[in-house]
K.L.:
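Encoded as C-alpha cells, here's the structure I'll be asking about.
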Amino acid sequence: MPAKTKTDWLVDVNRQAEELLADPEFEQRFSNFLREDQLGKWKLDNVCGYYWYLHALVLVTRPKKIVELGRCLGTSALFMLGALGEDAVLITVDTLERASDLSHCLDDPRLRVLVGNDLDLATFDGVDISDIDFLFIDTDHTCAQATKEWELYLPFLSENAIVVFDDITMNNMGAFWVPLDCARLETGTTYHYTGFGLAAP
C-alpha cells in the first residue's frame, strides 16, 4: 500500500474505479467475459451497476485472492472473475448450489465454487483462504451475520486487504457498518440503491 492512510487509499481506489466507469465505452471494452446472451443484460445503473463497480475495483486493486461470501446466481463472481489476473484465484461460497451466470466459467482454473455455510470453515476444506486480498460480503445483510463474518474472516486477510460490503443500508446493516472500527468509505447509491461500502482493516 502507498505511504498514505488507509482511508486515503480507499478514497483513491474508489476514485480510480469511478474514473474507469465514467468511460462511455467501459461496458464495451470490458465485456469479453460475458456470454452472448448476457451482453447488455446488466446496466451501469443503481440496480445492477455494482457488478461493474466490483469489476472496476478488481481492476484497480489487482488482488491475488478474492473470497466472496454469498454467490446467489454468480453474477458478482462473474464480473470479478472477468477482471482477475491470470495468476489469481476467486473462491465463492453459498449455501445453495447455484451459479447459472457462471456456467461458462466453471472450468476456469482461477475459480473455486463452494457450497456450504460460510460461518463453518469446514466449507473450505482443502482450500487455502489465507492472505485474502479482496473479501466481498454479500450474504443475508443483517448486523448479526455481518458481524460474525467480519470477526471470522479478519484473521485471514492480507496486510493490505480491502473488504467490500453490499447493501449497507438494508435491514439493520447500519448497526454493523456505522460503528465499524477501521478505515471505511461509504460509496453511496450510484451503483446500488441499498448502498455500498469499502473497508480496510
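All values below come from the heavy atoms of this structure, side chains included, with hydrogens, waters and symmetry mates left out.
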K.L.:
Going from CG on Asp12 to OG1 on Thr61, what distance comes out if it is rounded to the nearest 0.5 angstrom?
P.N.:
12.0 Å
K.L.:
Please say which of Leu81, Ile66, Val113 ends up in a side chain to side chain contact (heavy atoms under 4.5 Å, CB included) with Thr92.
P.N.:
Val113
K.L.:
Any chance the rings of Phe33 and His55 have centres within less than 6.0 Å?
P.N.:
yes
K.L.:
Just verifying a value: how many Å separate Asp23 CG and Glu18 CD, rounded to the nearest 0.5 Å?
P.N.:
14.0 Å
K.L.:
Count the heavy atoms of every other residue, nucleotide or ligand shown that sit under 6.0 Å from CD of Gln28, and state whether that count exceeds 12.
P.N.:
yes
K.L.:
Going hydrophobic residue to hydrophobic residue with side-chain gaps under 4.5 angstrom, can you get from Ile162 over to Val11?
P.N.:
yes
K.L.:
Can Ile137 be reached from Val115 by stepping across I, L, V, M, F, W or Y side chains whose heavy atoms are under 4.5 Å apart?
P.N.:
no
K.L.:
Determine whether a donor-acceptor pair (N or O, by modelled atom type, separation under 3.5 Å) exists between the side chain of Ser31 and the backbone of Leu34.
P.N.:
no
K.L.:
Give a yes or no on whether Leu57 and Ile132 share a hydrophobic cluster (residues Ile, Leu, Val, Met, Phe, Trp, Tyr; joining criterion: side-chain heavy atoms under 4.5 Å apart).
P.N.:
no
K.L.:
Should Trp150 and Leu180 count as side-chain neighbours, where that means a heavy-atom distance under 4.5 Å?
P.N.:
yes
K.L.:
Could you tell me if the side chain of Thr169 sits less than 4.5 Å from the side chain of His192, heavy atoms only?
P.N.:
no
K.L.:
Identify which one of Ile129, Thr95, Val93, Asp118 satisfies the side chain to side chain contact (heavy atoms under 4.5 Å, CB included) criterion when paired with Thr123.
P.N.:
Val93
K.L.:
Within the structure provided, determine whether Cys105 and Arg110 are in side-chain contact (heavy-atom separation under 4.5 Å).
P.N.:
no
K.L.:
Do you know the tightest heavy-atom contact between Ala77 and Glu68?
P.N.:
CB-OE1, 3.3 Å
K.L.:
Any idea which heavy atoms bring Asn117 and Leu119 closest together, and the distance?
P.N.:
OD1-N, 2.8 Å
K.L.:
From Trp9 CH2 over to Lys4 NZ, what is the distance, rounded to the nearest 0.5 angstrom?
P.N.:
10.0 Å
K.L.:
Do Arg112 side-chain atoms and Val127 backbone N/O form a donor-acceptor pair below 3.5 Å?
P.N.:
no
K.L.:
With rounding to the nearest 0.5 angstrom, report the CG to CG distance, Asp101 to Leu73.
P.N.:
5.5 Å
K.L.:
Less than 4.5 Å apart, any side-chain heavy atom of Met80 and any of Phe134?
P.N.:
yes
K.L.:
Do Leu102 and Arg71 make a side-chain contact, defined as non-hydrogen atoms from C-beta onward lying under 4.5 Å apart?
P.N.:
yes
K.L.:
CZ of Arg15: more than 12 outside heavy atoms within 6.0 angstrom?
P.N.:
yes
K.L.:
Which of these, Asp166, Leu69, Val67, sits in a side chain to side chain contact (heavy atoms under 4.5 Å, CB included) with Phe136?
P.N.:
Asp166
K.L.:
Can you confirm whether Phe26 is buried at CZ, in the sense that more than 12 heavy atoms of other residues, nucleotides or ligands lie under 6.0 Å from that atom?
P.N.:
yes
K.L.:
Working to the nearest 0.5 Å, report the span between CZ of Phe156 and NZ of Lys65.
P.N.:
10.0 Å
K.L.:
Taking everything shown except Asn32 itself, do over 12 heavy atoms lie less than 6.0 Å from its CG?
P.N.:
yes
K.L.:
In the structure I gave you, are the side-chain heavy atoms of Arg35 and Ser103 within less than 4.5 Å of one another anywhere?
P.N.:
yes
K.L.:
I want to check something: taking the side chain as every heavy atom from C-beta on, are Trp42 and Val47 in contact at a cut-off of under 4.5 Å?
P.N.:
no
K.L.:
Any chain of hydrophobic side-chain contacts (each under 4.5 Å) joining Val60 to Val58?
P.N.:
yes
K.L.:
Of all the heavy-atom pairs spanning Leu21 and Leu44, show the shortest one and how long it is.
P.N.:
O-CD2, 3.6 Å
K.L.:
Test side chain to side chain donor-acceptor pair (under 3.5 Å) on Thr189 and Asn46; report intermediate values, then the result.
P.N.:
CA-CA 6 Å; Thr189 58; Asn46 72 343; 5.7 Å; no
K.L.:
Which value, rounded to the nearest 0.5 Å, describes the distance between Asp140 atom CG and Met170 atom CE?
P.N.:
10.5 Å
K.L.:
Decide if the gap between the ring center of Phe196 and the ring center of Tyr53 is smaller than 6.0 angstrom.
P.N.:
yes
K.L.:
Taking side chain as C-beta onward, heavy atoms only, is Asn172 less than 4.5 Å from Thr142?
P.N.:
yes
K.L.:
Restricting to non-hydrogen atoms, name the atom on Cys182 and the atom on Pro201 that form the minimum distance, rounded to 0.1 Å.
P.N.:
CB-CA, 3.9 Å
K.L.:
Where is the tightest heavy-atom contact between His141 and Asp167, given as atom of each residue plus distance?
P.N.:
CE1-OD2, 2.7 Å
K.L.:
With hydrophobic residues grouped by side-chain heavy-atom distances under 4.5 Å, do Phe165 and Leu185 end up in a single group?
P.N.:
no
